[in-house]
**Student:** 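Structure below; questions to follow.
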Amino acid sequence: MKSGVPKGENCLVDMDSKAGDLFSAEPADAAESGGVMGRLWLPKGLSPSVAKEWFDRRRASIRPWAGFVDHRKFTKPRNFGELCQRVVRNFDTYNSNYTFIFLGLILYCIISSPMLLIALAVFVGAFYIIHLKSLESKLVIFGKEVTGPHQLGLAGAVSFPVFWLAGAGAAVFWVLGATMFVIGSHAAFRELEGGSEMEELFMEPV
């Protein structure tokens, strides 16, 4: 009498397919996000698609760099009122250019400091390990479950000594200072779009 249970090679094939299905299965949200990064927890609003959309929108609104750095357009403000008007209007006009200057200074600061690169690698690695542990079983500290935002905080606490040794605080102040100097100088001395007529229109007497 024949049995309904598969035997021999057919049985091995079936078991291999089952194992393959088990280890290749991924959560639906991971498949939608794509790859390993899709399985990592990200705060709301910080998904790769949102970041790419923001980057593309900023890049599309950049004013031509040739006009941005044209030395013929830089003059000394006649008074404090004109300086304030230039700063306000230029920040609105060249907002995207200033954003990329700020990002460029951050990138330069990170690249020029190997210790900061190590500190960032430690932070990302710590967060990744903590996240993988939370997927295996719930992480509980002091009777509370470690959720997504808490995982970031825990990774930051673990990597804080490395950031301190890398002088992250000094790097932050350097970036802020360099940004204020570069962007502030440009906004104050760059003539408004439209020339002197535009400046006269928006200038308030002091």
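Each residue takes its place number in the sequence, starting with 1.
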**Student:** Within a strict 4.5 Å, meaning less than it, do heavy atoms of the Val175 and Phe102 side chains meet?
**Tutor:**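 Contact flag for Val175/Phe102 side chains = yes.
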**Student:** Would you call Val158 and Phe127 a side-chain contact if the rule is heavy atoms closer than 4.5 Å?
**Tutor:**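 They are not in contact (no side-chain heavy atoms under 4.5 Å apart), so the answer is no.
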**Student:** For residues Val162 and Ala119, report the shortest heavy-atom separation together with the two atoms involved.
**Tutor:**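 So the minimum-distance heavy-atom pair works out to CG1-CA, 3.6 Å.
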**Student:** Take atom OH in Tyr108; do more than 12 heavy atoms of anything else shown fall under 6.0 Å from it?
**Tutor:**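 Not more than 12 within 6.0 Å, no.
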**Student:** Do Ile183 and Met180 belong to the same hydrophobic cluster, where Ile, Leu, Val, Met, Phe, Trp and Tyr are linked whenever their side-chain heavy atoms lie under 4.5 Å apart, directly or via other members?
**Tutor:**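 They do not share one cluster, since no chain of ILVMFWY contacts under 4.5 Å joins Ile183 to Met180.
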**Student:** Flag the pair Leu107 / Leu103 as yes when at least one side-chain heavy-atom distance between them is below 4.5 Å, and no otherwise.
**Tutor:**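 Contact flag for Leu107/Leu103 side chains = no.
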**Student:** Side chains of Arg86 and Thr75: does their closest heavy-atom pair fall under 4.5 Å?
**Tutor:**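 The answer is yes; the side chains approach within 4.5 Å.
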**Student:** Any side-chain to backbone donor/acceptor pair from Asp70 onto Ala66? Under 3.5 Å, distance only.
**Tutor:**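 Flag not set: sc Asp70 to bb Ala66 has no pair under 3.5 Å.
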**Student:** Nearest 0.5 Å, what's the CD1-OH distance between Ile62 and Tyr98?
**Tutor:**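 Here the rounded value is 13.0 Å.
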**Student:** Checking side-chain contact (heavy atoms from CB on, under 4.5 Å) for the pair Leu105/Trp174: CA distance, chi angles, key distance, verdict?
**Tutor:** CA-CA 9 Å; Leu105 289 173; Trp174 182 89; 4.3 Å; yes
**Student:** Report yes or no: do Ile110 and Val182 belong to one cluster of Ile/Leu/Val/Met/Phe/Trp/Tyr joined by side chain heavy-atom distances under 4.5 Å?
**Tutor:**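 Yes, same cluster.
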**Student:** Would you check if the side chain of Ser112 reaches a backbone N or O of Cys109 as a donor-acceptor pair within less than 3.5 Å?
**Tutor:**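 Yes; judged by distance alone, with no hydrogens or angles, the pair exists.
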**Student:** Can you tell me if Phe173 has over 12 outside heavy atoms packed within less than 6.0 Å of its CZ?
**Tutor:**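 Count not over threshold, so no.
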**Student:** Mind checking whether Ile101 and Thr179 have side chains closer than 4.5 Å, heavy atoms only?
**Tutor:**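 Not touching, per the 4.5 Å side-chain cut-off.
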**Student:** Answer yes or no: is there a donor N or O on one side and an acceptor on the other, between the side chain of Asn97 and the main chain of Arg63, under 3.5 Å?
**Tutor:**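 Pair found, side chain donor or acceptor close to backbone of Arg63.
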**Student:** Verify the neighbour count for atom CZ of Arg57: are there more than 12 heavy atoms of other residues, nucleotides or ligands below 6.0 Å?
**Tutor:**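 Above 12, so yes.
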**Student:** Over all heavy atoms of both residues, which pair between Leu116 and Ala171 is shortest? Give the atoms and the distance, please.
**Tutor:**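 Looking at all heavy atoms of both residues, the shortest contact is CD1-CB, 3.8 Å.
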**Student:** Measure from the side-chain N and O atoms of Glu82 to the backbone N and O of Arg78, and report whether any donor-acceptor pair falls under 3.5 Å.
**Tutor:**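 Present.
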**Student:** Does the ring centre of Phe55 sit less than 6.0 Å away from the ring centre of Phe100?
**Tutor:**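 Centroid separation for Phe100 and Phe55: below 6.0 Å.
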**Student:** With no hydrogens and no angle check, is any side-chain donor or acceptor of Ser61 less than 3.5 Å from a backbone partner on Arg58?
**Tutor:**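 Yes.
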**Student:** In this structure, would Phe181 and Phe91 fall into the same cluster of hydrophobic residues linked by side-chain contacts under 4.5 Å?
**Tutor:**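 Cluster IDs for Phe181 and Phe91 match.
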**Student:** Honestly curious: do Leu120 and Leu165 fall in one hydrophobic cluster under the side-chain, below-4.5 Å linking rule?
**Tutor:**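 No, separate clusters.
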**Student:** Please determine whether residues Val124 and Ile111 belong to a single hydrophobic cluster, defined as Ile, Leu, Val, Met, Phe, Trp and Tyr linked transitively by side-chain heavy-atom distances below 4.5 Å.
**Tutor:**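 The answer is no; the residues belong to distinct hydrophobic clusters.
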**Student:** Check whether Asn90 reaches the backbone of Arg190 with its side chain - one donor and one acceptor, N or O, closer than 3.5 Å.
**Tutor:**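 Side chain of Asn90 to backbone of Arg190: a pair is present.
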**Student:** Would you mind reporting whether Phe163 and Phe123 have side-chain heavy atoms less than 4.5 Å apart?
**Tutor:**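 Yes, their side chains come closer than 4.5 Å.
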**Student:** Would you call the rings of Phe68 and His186 parallel, tilted or perpendicular if under 30° counts as parallel and over 60° as perpendicular?
**Tutor:**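 Plane angle under 30°, so parallel.
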**Student:** Is a donor from one side chain sitting under 3.5 angstrom from an acceptor on the other, for Arg59 and Thr99?
**Tutor:**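 Result is no, nothing qualifies.
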